[in-house]
There are 2 protein chains.
Amino acid sequence: MRIGQLAQSVGVDTQTIRFYERQGLLPPPGRQENGYRVYTEKHVERLAFIRRCRILDLSLAEIHELKRYQDDPHQSCTAVNALLDDHISHVRSQITALQALEKQLVSLRARCNDDREVKACGVLAGISEGNMHQQ
Amino acid sequence: MRIGQLAQSVGVDTQTIRFYERQGLLPPPGRQENGYRVYTEKHVERLAFIRRCRILDLSLAEIHELKRYQDDPHQSCTAVNALLDDHISHVRSQITALQALEKQLVSLRARCNDDREVKACGVLAGISEGNMHQQ
DNA sequence: TTAAAACTATATAGTCGCTATAAGGTCAAT
DNA sequence: ATTGACCTTATAGCGACTATATAGTTTTAA
């Protein structure tokens with residue numbers, strides 16, 4: 001299977017596949033005489049795994065780490081669970097920060113409901129005054 | 001006032017100030033004979049405005065846009081409000097996405113509570129199987 | 001058969017908002 | 001005279017791609 005087919009079957013751009021290879025995430029495939037990359041089913045699974053990790057918003061470094069655990073299947077999976085726990089708390093703190101931000105934005109927006117001249121706009125005034133509740 | 005003082009009074013790195021100048025966000029200040037930048041109170045206000053916008057997570061492009069509105073103070077502020085509304089819905093969709101992600105991660109994490117061998121780890125299995133609820 | 005379309009390859013630069021590094025010039029105090 | 005704190009410019013790095021340029025190969029269609 002060539003790169004285009006792999007790309008289509010996993011739903012990834014060919015550039016991204018070459019990028020993952022350069023990053024050491026996807027093992028270098030064989031080559032045809034003309035230099036074209038040749039992939040196997042292993043590559044399909046591997047790439048799909050990477051993509052599912054990315055959907056979970058794991059970083060490439062974290063995916064690397066998971067790969068290392070997979071390569072040593074007899075060790076304890078404590079580290080895998082710890083990685084996920086860390087990631088979950090990371091996501092949670094992102095949510096908290098964004099919720100605080102949303103509150104700030106909504107309260108700022110409430111300062112100008114009508115169609116004023118810019119110089120009288122409560123929104124711009126609000127930012128300029130800087131009396132936003134700092135997070 | 002020189003760049004270090006401006007940086008300190010607003011709480012920004014000097015590098016960032018030069019960066020904003022190159023981006024056209026902060027007007028080029030005057031120069032001393034030795035080439036040092038000289039800033040005024042206007043610059044302090046301007047930089048503080050930019051920083052408050054950044055705290056609200058507005059992009060530099062959006063800050064540019066706000067600047068253009070400020071420079072024409074007699075036009076209607078509809079566009080200002082629209083910019084903020086867009087930004088609020090952007091933040092809200094980020095929150096929604098992250099909440100869905102958190103749910104996915106938590107349910108994945110629940111697949112392995114104990115200390116197993118990596119090859120039996122429900123978390124890795126869960127990612128590999130790919131039966132996560134795609135958002 | 002030939003020409004165009006579709007695919008592949010590499011290398012390089014751009015995105016965003018900084019941050020870090022290198023290599024140097026200026027200034028005040030010791 | 002030299003140390004240290006400040007200033008200057010230029011350049012590279014972060015993360016995870018995405019886009020562009022340039023070129024070679026294969027497939028399809030006229």
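Chain letters run A, B, ... following the sequence lines, proteins first and then strands; every chain starts at 1.
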- Query: What distance do A:L58 atom CG and A:R54 atom CZ have between them, rounded to the nearest 0.5 Å?
  - Reply: 8.0 Å
- Walk me through it: do A:H43 and A:R37 pass the test side-chain contact (heavy atoms from CB on, under 4.5 Å)? CA-CA 11 Å; A:H43 288 98; A:R37 289 169 176 82; over 6 Å; no
- Message: For the CD1 atom of A:I88 and the NZ atom of B:K103, what is their distance to the nearest 0.5 Å?
- Response: 14.0 Å
- Under a 4.0 Å heavy-atom cut-off, which of residues 15-30 of chain A touch DNA chain C? A:R18
- Message: Can you work out whether A:Q5 or B:S59 has the more 5'-proximal nearest nucleotide on DNA chain C?
- Response: A:Q5
- Task: Please report, rounded to the nearest Å, how far the C1' atom of D:dT26 is from the CE atom of A:M1.
- Result: 18 Å
- Message: Rounded to the nearest 0.5 Å, what separates atom CZ in B:R46 from atom CD1 in B:I17?
- Response: 14.0 Å
- Query: Under 4.0 Å between a side-chain N or O of B:R2 and OP1 or OP2 of C:dC27?
  - Reply: no
- A:L47 CG - D:dC17 P separation (whole Å): 11 Å
- Of A:T14 and B:A61, whose nearest nucleotide on DNA chain C comes first from the 5' end? A:T14
- Please round to 10 degrees the angle between the axis of the first five pairs and the axis of the last five pairs in the helix from C:dT1-D:dA30 to C:dT30-D:dA1. 30°
- Item | CG on A:L47 to OG on A:S9, rounded to 0.5 Å | 7.5 Å
Sequence neighbours left out, cut at 3.5 Å: what donor-acceptor pairs do the side chains of residues 89-100 of chain B make with other protein atoms?
unit_1 : atom_1 : unit_2 : atom_2 : d
B:S89  : OG     : B:D85  : O      : 3.2
B:S89  : OG     : B:D86  : O      : 3.0
B:R92  : NE     : A:E102 : OE2    : 2.5
B:R92  : NH2    : A:E102 : OE2    : 3.2
B:S93  : OG     : B:S89  : O      : 3.3
B:S93  : OG     : B:H90  : O      : 3.0
B:T96  : OG1    : B:R92  : O      : 3.0

- Query: Looking only at side-chain N and O atoms, does B:N34 come under 4.0 Å of OP1 or OP2 in C:dC27?
  - Reply: yes
- Query: Of all the choices, D:dC17, D:dC7, C:dA9, which nucleotide is nearest to the side chain of A:I3 once you look at every atom?
  - Reply: C:dA9
- Measure from CD on A:E33 to C1' on D:dT26 and round the result to the nearest Å. 14 Å
- B:Q8 has an atom CD; how far is it from atom P of D:dA5, in whole Å? 14 Å
- Message: Check the phosphate of D:dC7 against B:R37, side-chain N and O only, distance under 4.0 Å to OP1 or OP2. Yes or no?
- Response: no
- Query: For the pair made of CZ in B:R31 and C1' in D:dT8, what is the distance, rounded to whole Å?
  - Reply: 8 Å
- Message: Distance check needed: C:dG25 P versus B:Q32 CD, whole Å only.
- Response: 18 Å
- Note on the structure: Winner on side-chain proximity to A:Y36, out of C:dG17, D:dT25, D:dC6, is D:dT25
- Distance, rounded to the nearest Å, where B:L60 contributes CG and C:dT19 contributes P: 12 Å
- Taken to the nearest 0.5 Å, the spacing of A:E45 CD from B:S128 OG works out to 8.5 Å
- Full working for side-chain contact (heavy atoms from CB on, under 4.5 Å) between A:Y36 and A:I3: CA-CA 8 Å; A:Y36 287 15; A:I3 197 168; over 6 Å; no
- First locate atom CG of B:L84, then atom NE2 of B:H87, and finally report the distance between them rounded to the nearest 0.5 Å. 7.5 Å
